[in-house]
Amino acid sequence: MMPMRRAAGMALCLFAAALPALAADLTISNFRVRGPSGGNDEFVELHNGSPSALDVGGYTLLGSNDSGTTGTRATLPSGTSIAPGCYLLLTNGASSGYSGSVGGDVIYKTGITDTGGLAIADAGGTVLDQVGLSGGSAYGEGTRLASLGSTNADRSYARISNAAGLVQDTGDNAADFSLQSPSVSHNAGSSCSDLGLGVSVADAVINEGDSGTTALDFSLTLSKPASSPVQVRFRTADGAATVADGDYDAVDQVVTFAAGDTVQKVTVTVHGDTKIEPDEDFAVQLSEPSSGLAIARGEAIGGILNDDAAQVEIFQIQGNGDSSPFTGQPVITRNNIVTSVGPAGFTMQTPDRRDDHVRLTSNGVYVFTGSAPTVKVGDAVDVRARVAEYYGLTELTGASISVLSSGNRLPQPVLFGRNLPSTDPANLSCGTTNFECFEGMRILIVNGIVDRGNQRYGNDPFAEVFVSAGGSRSLRSQGVTFGLPASDIHSGVWDGNPEVFEMDADALGAVPTGTGINGGARFIAEGVMSYSFGDYDFQPTMLHILDANTMPRPVHDQRGPDGLRVGNLNMLRLCDTDGDNSTYECGDEGTPTADELQLKLQRLSAYIGGVLKLPDVLGAEEVENLPVLEQLAAQLNSDYGVHYSAHLVDGHDPSGIDVGFLVQDDRVQIASVSQLGYDATWVDPGTGQSAYLHDRPPLLLEGTKLGKGSFSFRLMVVHPKSLIGVDGGADATRNRLKRFNGAVDIAQRVQALQTDAKSAFEPLVVLGDFNAYPFTDGWTDVVGAIAGTYDDSANLLDLGGNIVKPALWNAVQSVAPNDRYSFLFTQQLGEIQGYQRTGSFDSGRDVPVAQVLDQALLDRLAQRCFRGFEYGRGNLDAPDQTQDDAAGETGLRKAIGVSDHDGFVLDLACPGLAHGHH
C-alpha cells in the first residue's frame, strides 16, 4: 500500500513529542473489558470533544493482548457520525456479553483481554486514541492503567474532565482516567456534554523567503463563542529558530476575545535569507487565561521552511543512514530516469553511468506528487523539491518537475536471490539494515516465494504479502528467538529471517486491486523497493505467478486398501453452545451460537473429508467435550456416508479444551481408549503448591485395522503446554519447567509402551499438536524429550539422559523442507534493522514464521510400516480475507481457514505384521 497522505514536509519535532492532544479530538472516554457477566461484558465509549460533528464511518476499534498481538474488533458503519460533545457506544454482543442498561450503537463479537489494550483508528489506520492495561500491550499512552484483573464487577475506567469541562487527554493514561464504580456509559441517544470554554492554539508554518520579512499567523480558537470578553497571554520561545540569529521576532502579548468571538490571530515576523540550512522551528505558549477560560491546547510550533535549494545526486539525498541528511531542505537533482509511476507519485533512479557504486547508498528515490503524475517510465527528469521522511520513507515533496527526454533505457535492477538480501543478521546487506540501501531502486526477483498470503488492513482486504527472494519459505529454525540473550544456551539463536520482506502487489498496478495471493506461491517480479509505515515494502511493476499454490491442497488418495491412514487436526477450539465452562469458556473466541457451531461443524467436515480425505483415525486437539466431538462425527457421517465414532476424556484445561479421536468403526476395531496421566502432579513454582501437570492429558487408543493387511496398533495423541510465555516475562521459568516436566512424564509413558509385551507386534505412534518445534527452542526440546533425542548441551534444562530408547523417528523429516510447517506465527521482533514502530499501527519488524507444531513420532515397528506423511493445506496459506469469505463457500472451499493449524495424514501398512500376534 503506497502511502496516500503526506505531511507538509516539515522537519519540526523539537516540541512535537511533548504536545498534548487537542481537546477537540475523538477520544475513548469510558471503557471496561470485563463486567458483572464476565470477560465479554465489555463496552467502549467514544466522545467527540470538537465543536463540529465527526464522520467516523470506517473507523476501527482495535484490541491488543499483553504480548502485543493486535486485531480489529469492530469497524464503524459508513455514515456513522458523532455530534459535538456527544457519544457513541460500542458493546460486545458475544455470549455473556454486555449487560449494561444503555444500549450499544455498534456491536462487536471478539473481546479484549483483561491485561491488553484498545485503540480507535481512523479509516486509514492511523490511531487517534489508545489505552493500555499492561506494559506488553501494543496500545497505551504514557503510564498504563492497572488491569482490573479477572473479578466480574460493574466498574470501568472513565476520563476525568479538566477545568474547562473538557475530557482530559494529556497523553498519559494514568493521569487521564479514573476508576468508575458502578460504570455509567453513554450512547448516541444520551445527553451530550457541555464542551466548556477553552482556548487552543494551532501550529503554523511558512516559507522563509530569500530576503525581507514575512508574516507567520497563528490562530487562537475558543471551543464556543465567549459570552463576555476573555483573554490569554501569547508568548514565543526559541527552538532551532532563535531571535538571536535573526530568524524571527519575539512576541509577548495579551490576546483578547470580545463577546461572541471564537477566533483571534497573532502575527510573528519571520526574516528571510539565502543560506542553505535545515528547516527551523520555535515554540508558542499560552498562559494566564482569564477567569472562566481554560487552556485546552496551550503549545504550538512555528515552522520556518528553508526554501534555498542545493543541487545534489539522488545518492547524496539518500545518504548512508536510515534517513536523509537533507531532511526538510529543498534540493535540485537533475537528469534522473523515471522507473515506476504510481497513483500519487513516481520513483526515479540515477542513470548507471552516474552510479556512485557505494553499497550503503541508494540511487533511487520516491517523488510524491499527490495525484497521478504526468511523467512516464523512461523519462529523464529534473526535479526541484523538498526532502521529507514519511514514516521512514525518504521522498521528495512539493516537486517541480521538468521532462528532458523520453524512452530512455532504465537503470539495471538489483538482483535479489539466495544471498541478497542477506540471511545473516550480523552481516546485513545495507550495514545496519537489510533494505535501506535499495530504497527507491529497481529490483528483480527471479525465484520468489510467498511466505504469507495477503494481510488485511481496514479498507484494504487484500493488502501486502510477505515474500522471500531465494526460493525458501520463512521457516523457524533451532535456537532462542533472535534478540534474546543466549548465555549458557548452546542451541544457538534463530536469526529472525532477516531476508523476508513485504510485497504490495497492486500498489503500482502489477495485479488488479483485490487480487489474492496464496502463501507458497512462486513468482518472478520486477519493481521498486519502498518503505511504508515502518516496514520495507517491495512494489512490483511486473509480477508473474509461476505456481499459485491453489487452496485447498488436499493430501493424496489412500495408497491401497492394506494401509491405515492416521490423521491429526487442531480444531481451533471446537466448543459447544452451553457456556458451562465459566473459568475461561473457549478462550478468546467465546461461546458460539447454535448457528456458529453448525457452520464450524460443516467447515471442519469439509476439511477432514475433502482435504484430509477421511482418515481411518483422526487425532483431535482443542475440542471442548465428547458431545461436541460426537456432533462433528455425525456431520461427517451425514456429509460422506461414513461411520465415525468419537472418543474424548475431559482433562484440566482452564478453557475446557481436550484431546480426542474420531475413528471409522468399519475400518478400525477399537480395543480401548484410555487417558494417561490425569492424576500426574508437579509443584508449581508460581504458587509453591502441588498442581496437575497436564492441562490436556494424553489419550491412548489401541485398535486393529480391519480388512486387507489387518494389524493392531497404538496411537497416543498429545497436546502439551503452549509456547506462550517461554521467551520472557515473570512466568517464563514456570512455563519452561511445566513444558519440560510434562514432556518427561509423556516420555516415561512412551517408554513403558515400547518396552511392554505388545511392542513386538503393535506399532506405536505419538501424534498431535506438540506446541513445540521438532528441535529445541533453546529452553527445552519438548519433542526431543518425548522422542528420545534430547541434547542437554542444546537446552537450558537438562534431562540427564534420554528416557525413550530406542528413539522415535519424526515423520516430518520425510517432508520437503519448504513444506515443513503446520502453523503460521507472526514474530514481533520490534524496532530492529531499520524497522520502526509507527504508533500502534505497526510494532516494527514483523516476520511471518512457518513452524512445525503438528507431528507424528514413530517407534521402530511403525517406521517399518511407514508409507507416507503429508500436510493437508488450506488453513495457513490463503489470504486473510479469503479465509473469512470461505464460510460462505460450498464444497471444498468451505474448508479454507477453519483452523489456525494445517492437519496431516500418516500412511502405515504393515503386511509382515498381519495377524502376527496370534
Side-chain angles (χ1 to χ4, degrees), residues 566-592 597 600-601 604-605 607-608 615 617-636 644-663 670 672-682 691-703 714-724 738-739 742-743 745-746 749-750 765-772 782 786 822-823 853-856 898-901 903:
V566 178
N568 188 80
L569 179 62
N570 180 311
M571 297 187 177
L572 186 57
R573 299 188 177 275
L574 174 59
C575 298
D576 63 22
T577 59
D578 62 19
D580 60 355
N581 179 20
S582 59
T583 305
Y584 183 48
E585 172 71 14
C586 215
D588 290 339
E589 297 297 315
T591 303
L597 173 58
K600 177 144 187 173
L601 292 172
L604 283 170
S605 176
Y607 187 90
I608 296 165
V617 182
L618 179 75
E621 296 84 53
E622 293 199 19
V623 181
E624 186 177 6
N625 52 37
L626 181 58
V628 78
L629 190 59
E630 289 174 333
Q631 286 181 264
L632 177 56
Q635 184 73 46
L636 283 159
Y644 276 108
S645 62
H647 307 269
L648 180 147
V649 183
D650 288 331
H652 309 292
D653 189 280
S655 64
I657 55 173
D658 300 296
V659 299
F661 287 105
L662 289 173
V663 181
I670 298 173
S672 66
V673 176
S674 53
Q675 191 177 63
L676 308 177
Y678 179 86
D679 296 325
T681 60
W682 75 309
Y692 288 116
L693 178 58
H694 298 295
D695 294 334
R696 302 166 291 269
L699 202 62
L700 178 67
L701 182 149
E702 300 185 74
R714 294 185 287 189
L715 306 175
M716 182 193 297
V717 63
V718 300
H719 191 202
K721 177 172 173 51
S722 80
L723 280 155
I724 293 174
K738 186 170 183 179
R739 284 166 55 79
D745 183 79
I746 294 172
R749 299 176 192 280
V750 168
V765 178
V766 183
L767 72 159
D769 171 8
F770 283 77
N771 270 324
V782 167
I786 296 171
S822 66
F823 186 75
L853 299 183
D854 304 79
Q855 300 161 70
V898 68
S899 176
D900 57 351
H901 290 245

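This structure is a prediction, so every number in the text was calculated from the model and none was measured. Quick note: residue numbers are just sequence positions, from 1.
- Of all non-hydrogen atoms in Leu648 and Val659, the two that sit nearest each other are CG-O, 3.5 Å.
- Between Leu597 and Val628, some side-chain heavy-atom pair lies under the 4.5 Å cut-off.
- One N or O on the side chain of Gln855 and one on the backbone of Leu853 form a donor-acceptor pair closer than 3.5 Å.
- Judged by distance alone, with hydrogens and angles left aside, the side-chain atoms of Ser722 form a donor-acceptor pair with the main-chain N or O of Ile724 at under 3.5 Å.
- Formation of a donor-acceptor pair under 3.5 Å by the His652 side chain with backbone atoms of Tyr678 is found in this model.
- Listed by chain and number, the residues in a salt bridge (Lys or Arg N to Asp or Glu O under 4.0 Å) with Lys600 amount to none (sequence neighbours excluded).
- In summary, the side chains of Gln675 and Asp650 do not present any donor paired with an acceptor at a separation below 3.5 Å, with no hydrogens or angles considered.
- Looking at heavy atoms from C-beta onward, Glu622 lies out of side-chain contact with Ser899 at the 4.5 angstrom threshold.
- With contacts defined as side-chain heavy-atom distances shorter than 4.5 Å, the pair Glu621/Asn568 qualifies.
- Here the side chain of Ser822 pairs no donor or acceptor atom with the backbone of His901 at under 3.5 angstrom.
- Counting heavy atoms from C-beta on, the side chains of Val673 and Leu699 come closer than 4.5 Å.
- For the pair Asn625/Asp576, a side-chain contact is recorded, criterion being any heavy-atom separation below 4.5 Å from C-beta on.
- With hydrogens and angles disregarded, no donor-acceptor distance shorter than 3.5 Å links the side chain of Tyr644 to the backbone of Leu618.
- Side chains of Asp695 and Lys738 form a contact here, defined as non-hydrogen atoms less than 4.5 Å apart.
- In this structure, Asp653 contributes its side chain and Arg696 its backbone to no donor-acceptor pair below 3.5 Å.
- With sequence neighbours excluded, no residue satisfies salt bridge (Lys or Arg N to Asp or Glu O under 4.0 Å) with Asp900.
- Ile608 has its side chain within reach of Met571: a pair of non-hydrogen atoms, C-beta onward, lies under 4.5 Å apart.
- Side-chain atoms of Asp769 do not come within 3.5 Å of backbone N or O of His719 as any donor-acceptor pair.
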